[in-house]
Each structure stands twice: as structure tokens, then as C-alpha cells.
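Notes to accompany the following structure.
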Amino acid sequence: VADSPDAILRNGLNNRYCVLEVSVIQRNGSDPEKHLTITASPSLENTELCILRNGWESVPVVPGDIVHLEGECSCGTWVVGAQSGYLVLYPDLLLSGTAISSSIRCMRRAVLSERFRGSEPGSPQMLVGTILHDIFQQSVTNDLAPEKVQELANKIVYGQKYLKEMYLLNVKQAQIMQEIEEYLPSFFKWAEDFMHNPANQNKMQLKLSNGGKTEDVSSKIEVVDILDIEENIWSPRFGLKGKIDVTARVRIHCQAGAQSRVMPLELKSGKESNSIEHRSQVILYTLLSLERRADPEAGFLLYLKTGTMYPVSAARMDRRELMKLRNHVAFYLTHSTYKPDVGRQNSQLAALPPVIDDSQTCKYCSQMHNCFLYSRAVEQKMPSVAFPAALVPVIDRETQHLKPSHLEYFSLWYLMLTLELQSGEHKKGYKNIWMTPSLEREKAGDCVGNMVRVDEVHEVSEGQYLHFFQRRNGAIPGTNLLVGDRVVVSGEEKGLLGLATGYVREVSATKVSCLLGRNLSNLPKNTVFRLDHDEGDVGTGVPFKNLSKLMKDCPVSERLRNLIIDFQKPCFIQHLSSVLPPEAKETVANILKGLNKPQKQAMKQVLLSKDYTLIVGMPGTGKTTTICALVRILSACGFSVLLTSFTHTAVDNVLLKLAKFKVGFLRLGRAQKVHPDIQKYTEEEICRSRSIKSVTDLEEVYNSQPVVATSCMGVNHPIFAQKQFDFCIVDEASQISQLVCLGPLFCSKRFVLVGDHQQLPPLVLNAEARDLGMSESLFKRLEQNQNAVVQLTVQYRMNSKIMSLSNMLVYEGKLECGSEKVSNATVNLPNLKKLKLDLGDASKSWLKEVLDPDTAVCFLNTEKAGCKPSDIGIISPYRHQLKTITDLMAKWKENRVEVNTVDKYQGRDKSIIIVSFVRNSIDENLGSLLKDWRRLNVAITRAKHKLLMVGCVPSLCCYPPLEKLLCHLQSQAMISFFGAHESIHKCNIL
DNA sequence: TCTCTGCATAGAGGA
């Protein structure tokens with residue numbers, strides 16, 4: 001279990017075993033077997049034996065792996081063989097039907113497309129395929145009459161739904177329509193053959209079971225009813241997931257009579273190949289079906305071009321081979337790194353599945369670039385990996401544009417991203433939805449169970465259904481579910497996993513409303529649901545994709561490689577006059593008037609830059625104002641600007657300011673995540689209000705504004721495949737992971753990163769990845785080129801006393817106050833006089849001192865007082881501390897004090913900040929949080945007028961950053977002792 | 001030794 005510290009083991013139907021030992025048994029004259037010693041008990045006692053034979057011994061299973069066993073177990077022994085049983089390796093890793101069927105031809109490609117998810121470019125044929133699916137699926141559920149189908153086809157092709165894709169592929173609606181129309185007659189032919197006049201069709205062969213025996217049945221097929229389209233099934237039994245195009249009730253008419261079954265129907269719009277890949281997909285869907293209903297034993301392949309339908313029998317042998325294939329893919333995905341020496345901690349990248357020797361297949365492969373890249377950068381160094389001789393020169397040729405430094409960068413980042421991915425999978429991942437009962441998961445706030453659907457389902461827009469859920473018995477327990485969060489809706493009952501996904505619209509005491517991708521009104525009225533917070537594997541594909549793009553043989557990538565990997569010196573032009581158009585001079589001068597000296601310097605530097613500029617925005621120095629001014633100046637000069645940040649909130653902060661000036665912009669990204677005042681600038685809203693229905697109109701919208709704003713992850717938008725910007729500005733750049741930050745840079749000629757590496761770095765979960773340098777942001781990396789750096793040093797947040805702490809700690813005295821007013825500002829406490837009277841008692845004199853507005857900074861030493869630090873606080877490094885504080889304050893009548901972590905407070909400020917440092921004992925286990933001086937810097941630079949810090953001085957002196965701070969405070973007489981058993985929260989000073 | 005943001009997605013077809 002070394003690899004998965006939080007693995008859940010269990011017996012029974014949904015069992016999970018840990019493999020303790022693997023031995024290969026080869027007796028003379030008999031077939032080889034693999035014997036696994038396994039256990040389902042967390043203590044790793046109570047072992048059982050699992051015997052793999054008849055081909056199953058080839059499953060690559062090693063000690064520490066988690067497996068699921070299907071079949072029968074007698075006397076503690078499982079047998080997985082030819083006729084019965086399945087071994088499912090890492091069953092909680094659900095692999096899609098297409099991933100497995102594509103691995104038949106090339107497993108390497110299947111693994112790569114899982115890693116570099118979403119990096120396949122797409123094609124017009126694919127889009128036609130998607131639209132045909134849509135038309136057929138809607139027609140078959142509603143009406144297959146020719147006029148109706150034609151009408152629907154028109155509605156879909158000339159509607160809004162696929163405009164983005166058409167724009168991306170640069171195809172016109174009429175073109176698509178022409179291709180679609182060629183298919184429609186086959187739709188009617190199919191309906192004729194299989195719905196209206198099944199008696200006229202030719203017989204087809206199906207293998208179906210009958211009283212324990214499987215026999216060939218010659219039969220005619222009648223589709224009686226359509227139960228679902230795009231049915232989404234997750235199967236943690238087989239480690240599979242997928243969407244079934246059409247789930248139909250089928251009557252099978254044969255000699256012995258008729259029988260009815262619910263069966264999967266897979267639609268194909270391409271060549272009528274009846275290929276192994278296509279058939280395998282159907283067989284996998286029959287396995288998925290087992291999650292919801294009786295074994296269909298077969299399914300159908302329907303080719304839309306001809307209306308021909310092929311039966312696909314899901315024989316045990318085929319299912320077995322496909323599951324073995326699944327296990328192989330799962331093995332490569334879970335064992336993508338390894339530790340070469342037992343006990344030593346450095347991980348290395350493992351080899352991918354071997355390169356196949358089939359130039360015909362490789363010629364058209366969409367993963368070719370990644371395949372060659374990995375072989376060149378990672379595998380060519382491995383003595384154990386051999387390549388097909390003919391491919392070696394091809395690989396070298398395709399990667400010859402890369403220097404050794406580039407290949408090193410690739411393999412280092414690939415390793416770090418993989419390690420981080422593994423950490424993320426252990427921490428979250430979907431498996432809790434099926435492995436943890438809703439009642440238990442509710443305690444952590446990540447789930448709401450026991451819900452029933454109430455009211456009608458509204459189709460808000462195409463494919464977006466508004467659902468209302470109500471708790472069956474009273475109020476919803478405390479939950480982390482927030483408006484805008486992603487949710488997975490499942491049935492509480494087994495087999496109804498992942499019914500739909502969507503977003504939370506509203507949360508009240510008893511109800512939750514969600515916008516879901518599927519309409520659930522067809523399920524029985526009494527279905528009980530659970531809503532799980534979808535932490536998903538967000539953004540795991542994005543950095544891989546950007547890494548791959550950085551290594552491409554094209555000018556944009558080459559330039560970025562030079563600047564980022566090889567630290568090529570950024571260049572600047574000499575004179576502003578060459579970039580500043582005469583007609584913009586006055587406007588620019590006016591904008592500059594409102595800025596301070598370092599801000600003006602920043603503007604100038606950006607305008608002169610040929611490559612990039614880094615703006616260091618120290619706390620309170622008006623980063624947002626600066627960015628806003630920068631965008632105004634750049635657009636006044638006629639430049640196009642791409643404005644991005646890691647979070648939607650930060651993007652909108654700039655836009656809210658920008659909206660006040662006459663600068664137009666287009667906001668991309670999900671409307672749910674966008675600030676209400678910015679909604680009207682979103683693509684979604686513009687397309688709705690102007691009822692955009694053609695590619696040309698959409699193109700016009702995209703080209704209407706020189707300024708486009710979105711989050712760093714949002715640069716997958718089709719607009720960026722076509723447009724290049726003059727400048728790209730990335731806010732919060734010191735907090736963004738290097739490869740995520742890279743995304744927007746591909747679409748612009750020059751870039752500006754705004755951040756402060758003295759504040760918190762990008763979050764990295766995996767300790768090894770962190771040690772390898774993964775938390776180095778692009779901002780930090782490029783900062784060594786000092787000629788590209790401008791510092792904003794004039795701040796408008798903190799008064800001089802508060803500012804001096806951070807100046808002493810990290811900024812070497814560079815920070816200065818923007819004005820006398822800022823410097824001398826004190827807190828406004830209107831009720832202080834009355835409070836002082838109430839506090840006549842001498843024992844509370846410390847409190848008087850603390851409350852005095854002239855005491856701008858004070859550290860309360862809890863060393864002698866024995867006062868619980870948990871009594872005080874507003875910001876703290878620790879979540880648990882915040883929970884305690886929040887609970888205490890919940891008793892207050894009016895409670896507007898905002899309690900949050902230091903990390904979450906980054907980028908924000910308040911008049912008064914109380915920092916609770918919590919630690920109150922001197923032991924060897926120093927937490928890592930307080931060792932980070934960047935976190936301390938953030939904590940002490942949030943207050944404008946009054947900064948109160950609470951903690952035990954001797955305990956905190958063990959942390960170097962705090963020691964430095966406390967020494968300074970001591971010398972300034974800013975530390976005072978806490979009065980006995982007093983607590984600020986009782987006084988309600990705020 | 002406890003800090004946490006990003007996002008739609010599995011399959012659309014071709015050899």
C-alpha cells in the first residue's frame with residue numbers, strides 16, 4: 001500500500017484487495033500461473049490467494065497494487081481463468097471505452113492521449129460525426145419523420161450549439177449541412193428496417209445464452225423503445241466509464257419466439273468498417289450496462305452512412321481480452337514513475353508502452369509529436385528500451401530542432417507534473433463518490449445526500465437543465481458546496497453513479513438547485529440522489545499540453561524556448577517615439593498623470609519591450625490600477641491585448657476598473673464564474689442578446705474588441721487558435737504554475753507578468769516535485785533577468801508602522817508610503833471612549849493599550865498568560881484554527897468579521913488584521929507553514945491601519961522568519977504581554 | 001504536519 005496511503009480496502013461485491021506478494025508458478029508440462037497473496041483487511045492480515053491462469057497471468061501486477069476481483073471465491077482462494085472471473089487492476093481508475101479500444105492498435109497512443117488530454121486537434125469529419133449523432137439521437141427519441149428530421153438538422157446546424165467548433169475548424173454552416181443531408185435518407189431506411197417493418201429485414205446472427213448454454217440465434221431485430229441517449233455510466237467494478245449513444249429496448253424475434261432486452265447501440269458516421277475497434281467499443285458498453293441492468297450479452301453497431309446495423313456479441317473471450325488490455329493501460333498510467341533504488345527517494349520516469357512498428361498507423365497518429373518527444377527526451381537514455389530500427393532516424397529527425405537543454409526541461413517537467421498528478425489522485429479523485437457513503441462524506445462537507453428531485457426541470461439553454469433537489473428529511477447539513485461549484489449527481493442506490501454533472505446554481509437551508517448537462521426527469525420520482533462536490537482532475541491536462549506545445553517545431557514555440565528555457569536576454573527598443581503613435585500621445589499623457597513614478601516607469605518599460613517585462617507589485621502598490629492603466633495605454637496605441645490571471649476573481653477585478661473607462665473588452669469563460677457586473681461582456685451573454693447564429697457573426701464578435709480577458713486555463717478557447725495579440729498581461733503571475741502560465745503566452749508577441757515572488761508561490765502538493773523545483777513560477781524564473789524587472793514600491797495600503805515590518809523582513813527598505821495620509825492613517829473606533837469606561841479594571845490595561853489607535857502594530861505575547869490562542873483571531877495559517885474562531889464568533893449577533901487563511905487573504909486587505917500564530921509549544925515538530933517567510937510577508941502586509949499579532953514568542957522564535965520579525969518588534973517595544981484569561985472576542989471591539 | 005486554484009467531457013473519424 002506504499003503507493004496509496006489512503007487506499008480503501010474491503011470485501012464483498014465492490015471489493016478492493018491489496019496485492020502483497022506475486023509469484024510465478026511454472027510447472028513442467030502445464031501452463032504458467034501467477035499466484036497473488038492478497039488482503040482486503042486494512043491491517044494487511046487475513047490474506048487470501050488469487051490464482052491467475054489461461055492468459056490472465058500476463059496481467060502486469062506487482063506488490064502494492066490495488067485490485068478488484070470478480071467471480072467466485074472458495075475457501076479463501078480466487079481463480080481467474082478462461083471461463084470465469086476477472087481481475088481489475090486499479091479499479092478506481094475508470095478508463096473510457098474509446099481509450100481501451102484505441103489501445104488495441106497502439107497502447108502507447110492510448111496512454112499518451114490520456115496524459116495529454118484534449119490535445120487532439122479535431123477535424124471537420126469529427127464535427128460532422130458529432131452533429132449527426134445529435135440529430136439521430138434527438139430524432140430517434142422524438143420523431144423520425146423525414147420533414148421533422150430535416151427541420152431538426154436545420155435547427156442544429158444553423159443554431160448556436162456548434163458555432164465555436166465550426167469557427168475553430170474554419171468551416172461554413174452550409175458546408176456542414178451539405179454533408180449532413182447525404183446521411184438523412186439512411187436514417188429513414190434504418191427506421192423502416194428496424195422500427196416500422198422489422199419483418200422485412202434480413203436475419204442476423206446473435207450469440208445469446210439460453211438455460212446456461214450459449215447458442216447462435218438467427219433473428220430479426222425490432223427497436224421497440226428508446227430508453228436513453230448519451231447515457232453516462234461509471235463502473236467501478238470493471239474500472240470502466242463511457243457514454244452509450246443509444247440505450248434501446250429491443251425485441252429479438254427468432255424461431256423459438258421473441259424476447260426483449262435492453263441493449264446498447266453505438267452510432268458511427270464514418271466508413272462502414274465493422275472493425276475490431278468499433279466492435280470492442282460495443283462489447284465494453286455491454287460491460288458498462290451490467291452496472292444498471294441485466295446482461296444484454298450483445299449490442300449493435302449502427303453505421304449512419306448506410307443505415308446498416310451489425311450485431312456484436314459480447315463473448316466471454318472478447319470481454320476477457322478487453323479487460324486484460326484495460327489492465328495493461330491502467331498499469332502504464334499508474335506506474336508512470338518508479339524509484340530505481342529501494343529506500344531512496346528520487347523518482348524517475350518509466351518507459352511508455354513500446355513504439356509499434358507500423359509506419360502506416362504512425363503516419364496518421366495525432367500523438368506522434370508527444371510519442372517522439374518522450375522517446376527522445378526520456379526513453380533513449382534507458383538501456384532497456386529498444387526502438388524499431390526504421391523509426392530511430394525518424395524520431396531524431398522529428399526532434400532535431402530541440403537542444404539538450406530543451407529535452408532536459410521536457411523530462412524534468414514531465415516528471416514533476418506526473419508526480420503532482422499522482423498526489424492529486426490520492427488526495428481527491430472521483431472514487432469517494434462510490435467508495436464513501438454519502439452520510440460519511442457529508443461530514444467533510446464535500447457531499448449532500450438523501451436528496452429528492454422537486455419541481456419541474458427547466459431547459460435553460462440547449463443542453464443545460466435546471467434541477468431542484470430537496471433534502472428528504474429536513475435541513476441540508478453544513479456543506480462546502482458553493483454557488484458555481486461543479487457537482488456530480490448520482491443515485492444513492494448502487495449503479496446510478498455519475499448520472500449527470502453540472503454546476504450549483506443556488507444553495508438554501510433545504511434546497512439545492514443545479515444546472516446539469518442531462519435531464520433527469522425520466523428517472524423514477526422516488527429516486528434518491530447525492531450531490532458530490534466535483535474536485536475532478538482539473539487542469540491536469542493543461543500543463544502537459546503546454547509542455548508539448550513548447551516543444552513544437554514552430555517559430556512561436558522556438559522563441560519561447562529561447563526566452564524561458566535558455567534565458568535569452570529580453571530586448572528593449574531605445575525610444576518611445578517609435579511605438580507611440582502621435583495621435584495617442586495626449587491620451588497616454590493623461591493616463592500617465594494619474595500614476596506615481598514607479599508606475600509610470602512600468603508603463604514605459606512595457607512599451608519599450610520587445611520580449612517581456614516583469615512588474616513586481618509589492619503589497620498595496622496598486623497592481624490593479626497599474627494593469628488597468630497599462631491596458632488603456634496599450635489600446636490607445638492601437639495594440640491588441642490578452643488579459644489573463646490564474647483566478648476569475650483577479651481577472652474581473654481589473655475588468656471592473658476597466659469598465660469605468662471607455663475601453664471595450666470581451667470576457668471569455670463560464671458566465672457562472674464571472675462577476676455579475678461583467679456578465680454583459682461575456683461571450684455567452686453577447687451571443688444570447690444579439691442572437692448570434694452564424695460563424696460569420698461569431699467571428700465578428702471575436703474580432704470586435706482589441707482587448708480579450710480570460711483565465712489562464714481558458715486559453716483553450718477556439719479564439720486563440722486564430723488570433724495573435726500584441727501584448728499578453730498575466731496578473732498573479734508569481735502564484736501560477738510555470739506551465740499553466742505559459743498557456744496564454746503562445747498567443748502573443750510580447751508579455752507582461754505581474755506578481756511578487758516574495759508572496760506565496762504556486763501550490764504544489766507533491767513534496768518531491770516541490771524539491772525538484774515545481775513551485776518556481778515563470779515570474780520567479782525570469783526574474784534573474786533584472787533588465788526586464790520594474791518594481792512598484794509606492795504603496796497605499798499600510799501606515800508607516802505596519803509597512804516597516806515587511807520592509808525590514810523582505811523588501812530591504814524599498815517600500816514607501818504613497819502619501820502622508822497613508823503613512824499616518826489610524827483606525828477609526830467610534831465607540832472606543834465608551835468601551836474604555838467599561839474596561840476600568842486595571843487587569844485589562846493591556847487591552848486599552850492594544851485598542852489605542854496609535855498602537856498600529858502590536859504583538860501579544862501569550863507566553864505567560866496561558867491564554868488560549870484559539871480565543872483570538874482573524875487570519876491564521878491553520879484551517880482548524882479558523883474553524884474554532886468561526887464557531888466562537890457564530891454566537892455574536894452581528895458578525896461581519898471575515899475569518900480566513902493567510903493564503904486566501906493574499907491580494908486583499910482590511911483596516912484591522914489580527915493574526916493568530918497558534919503554535920504554543922516548543923517541540924521538534926515544527927510545522928512547515930510558518931517556515932515560509934513568504935507566507936509571513938503576506939500575513940503582515942494585509943492590514944491598513946492596525947496589525948495585531950498573537951502568539952507565544954519563545955515558541956515562534958524557533959522559526960527563522962518569525963525570529964527576525966520578533967527581534968525587530970522587541971527593539972521597537974511592540975510586544976506586550978497578554979492579560980490573564982482575557983480575550984478580545986468578548987469585547988466585541990469591531 | 002496539514003496551506004488549496006484551475007475546469008465540461010468521452011468520443012467525434014481516420015488508417
Side-chain angles (χ1 to χ4, degrees), chain A residues 94-99 101-102 105-106 113-114 117-118 120 122-134 162 165 230 232-234 240-245 266-271 273 275 277-278 281 305 358-366 424 427-428 463-464 484-486 488 498 500-503 515-517 534-543 645-650 669-670 672-673 711-714 716 732 735-737 740 743 760-765 767 876-882 900-904 906 925-932 934-935 938:
Chain A
L94 306 187
L95 295 175
S96 68
T98 41
S101 55
S102 80
R105 196 177 281 265
C106 176
S113 13
E114 262 325 271
R117 211 172 295 173
E120 322 241 321
S123 66
Q125 294 102 300
M126 281 169 152
L127 179 55
V128 168
T130 309
I131 297 175
L132 280 167
H133 272 68
D134 199 352
Y162 296 102
E165 279 98 329
E230 292 280 298
N232 188 46
I233 304 184
W234 292 351
L240 298 174
K241 65 181 168 191
K243 286 185 179 176
I244 298 178
D245 282 339
E266 169 66 14
L267 312 179
K268 293 288 171 201
S269 56
K271 219 184 252 173
S273 62
S275 63
E277 275 97 333
H278 288 175
Q281 230 176 310
K305 209 170 223 164
D358 179 353
S359 56
Q360 265 317 96
T361 303
C362 295
K363 209 160 96 188
Y364 300 97
C365 178
S366 51
K427 275 234 152 127
K428 29 195 183 182
Q464 299 233 41
D485 279 354
R486 280 191 62 76
V488 178
T501 56
Y503 292 85
L515 211 49
L516 302 177
D534 179 5
E535 294 136 326
D537 46 359
V538 218
T540 50
V542 171
S645 177
F646 192 36
T647 59
H648 290 287
T649 327
R670 278 204 61 88
Q672 293 253 16
K673 293 278 181 187
S711 78
C712 279
M713 301 280 209
N716 273 333
E732 295 182 317
Q735 277 188 91
I736 309 175
S737 180
V740 175
L760 288 165
L763 187 78
V764 177
L765 297 171
S876 169
Y878 304 98
R879 268 242 156 253
H880 276 286
Q881 177 77 345
L882 299 175
N900 230 326
T901 54
V902 178
D903 300 57
K904 286 242 183 187
Q906 181 154 332
N925 292 333
L926 297 179
S928 66
L929 291 193
L930 290 176
K931 283 183 191 159
D932 194 328
R934 293 167 296 199
R935 184 168 283 104
V938 171

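Letters go in sequence order (proteins before strands), and every chain restarts at 1. Quick caveat: nothing in here was measured; it's all calculated off a predicted structure.
Toward the 5' end of DNA chain B, the nearer of the two residues A/His133 and A/Glu277, judged by each one's closest nucleotide, is A/His133. Comparing A/Lys243 and A/Cys365 along DNA chain B, the residue whose closest nucleotide (by nearest heavy atom) sits nearer the 5' end is A/Lys243.
Within 4.0 Å (heavy atoms only), A/Leu127 reaches no atom of the nucleic acid at all. Using a 4.0 Å heavy-atom criterion, one finds that A/Glu266 contacts the sugar-phosphate atoms exclusively. Backbone-only contact: A/Asp245 has heavy atoms under 4.0 Å from sugar-phosphate atoms and none from a base. A/Arg935 comes within 4.0 angstrom of a nucleotide base, judged by non-hydrogen atoms across all strands. When heavy atoms are screened at a 4.0 angstrom cut-off, A/Gly122 is found touching no nucleic acid atom at all. At a threshold of 4.0 angstrom between heavy atoms, the contacts of A/Gln281 are confined to the sugar-phosphate backbone, with no base atom among them. Across all strands shown, A/Thr647 has heavy atoms under 4.0 Å from sugar-phosphate atoms exclusively, and none from any base. A/Ser737 comes within 4.0 angstrom of no nucleic acid atom, judged by non-hydrogen atoms across all strands.
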Check against side-chain contact (heavy atoms from CB on, under 4.5 Å), A/Leu95 and A/Glu114: CA-CA 9 Å; A/Leu95 295 175; A/Glu114 262 325 271; 4.2 Å; yes

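Side chain of A/His133 to backbone of A/Leu267: a donor-acceptor contact under 3.5 angstrom is found.
For the side-chain contact (heavy atoms from CB on, under 4.5 Å) test, residues two or more places apart in sequence or in another chain that qualify with A/Ala500 are A/Leu516, A/Arg518, A/Leu520. Judged as a salt bridge (Lys or Arg N to Asp or Glu O under 4.0 Å), and not counting sequence neighbours, the contacts of A/Glu266 are A/Lys268. Looking at residues two or more places apart in sequence or on another chain, you find no salt bridge (Lys or Arg N to Asp or Glu O under 4.0 Å) involving A/Asp485. By the salt bridge (Lys or Arg N to Asp or Glu O under 4.0 Å) test, A/Glu230 pairs with no residue at all, sequence neighbours left out. A/Arg935 pairs by the side chain to side chain donor-acceptor pair (under 3.5 Å) definition with A/Asp903, not counting sequence neighbours.
Rounding to the nearest 0.5 Å gives a distance of 12.0 Å between CD of A/Gln125 and CG of A/Leu132. Rounding to the nearest 0.5 Å places CZ of A/Arg105 at 10.5 Å from SG of A/Cys365.
Phosphate contact (OP1/OP2 of B/dC4, side-chain N/O of A/Thr901, threshold under 4.0 Å): present. Proximity of A/His648 to the phosphate of B/dC7: a side-chain N or O atom is located under 4.0 Å from OP1 or OP2. Side-chain N/O atoms of A/Thr98 include one lying less than 4.0 angstrom from OP1 or OP2 on B/dG11. Considering only side-chain N and O atoms, A/Lys363 lies nowhere under 4.0 angstrom from the phosphate OP1 or OP2 of B/dA15. OP1 or OP2 of B/dC7 has at least one side-chain nitrogen or oxygen of A/Ser711 nearer than 4.0 Å. The side chain of A/Tyr364 places no N or O atom within less than 4.0 Å of a non-bridging phosphate oxygen (OP1 or OP2) of B/dG14. Taking only side-chain nitrogens and oxygens, A/Ser123 never comes nearer than 4.0 Å to OP1 or OP2 of B/dG13. Residue A/Ser96 places at least one side-chain N or O closer than 4.0 Å to OP1 or OP2 of B/dG11.
The nucleotide whose nearest atom lies closest to any side-chain atom of A/Lys271 is, among B/dG6, B/dG14, B/dC4, B/dG14. Residue A/Gln125 places its side chain closer to B/dG13 than to any other of B/dA15, B/dG13, B/dA10. Nearest nucleotide to the side chain of A/Phe646, out of B/dT5, B/dT3, B/dA8: B/dT5.
Here, B/dG14 and B/dA10 have their P atoms 22 Å apart, quoted to the whole Å. Across the C1' atoms, B/dA12 and B/dA8 are found 15 Å apart, a figure rounded to whole Å.
Between the base of B/dT9 and the side chain of A/Arg117 there is no donor-acceptor pair shorter than 3.5 Å.
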Which string of ( ) [ ] | and . matches DNA chain B, if you list each base 5' to 3' and count Watson-Crick or G-U pairs only when both distances are under 3.5 Å? ...............

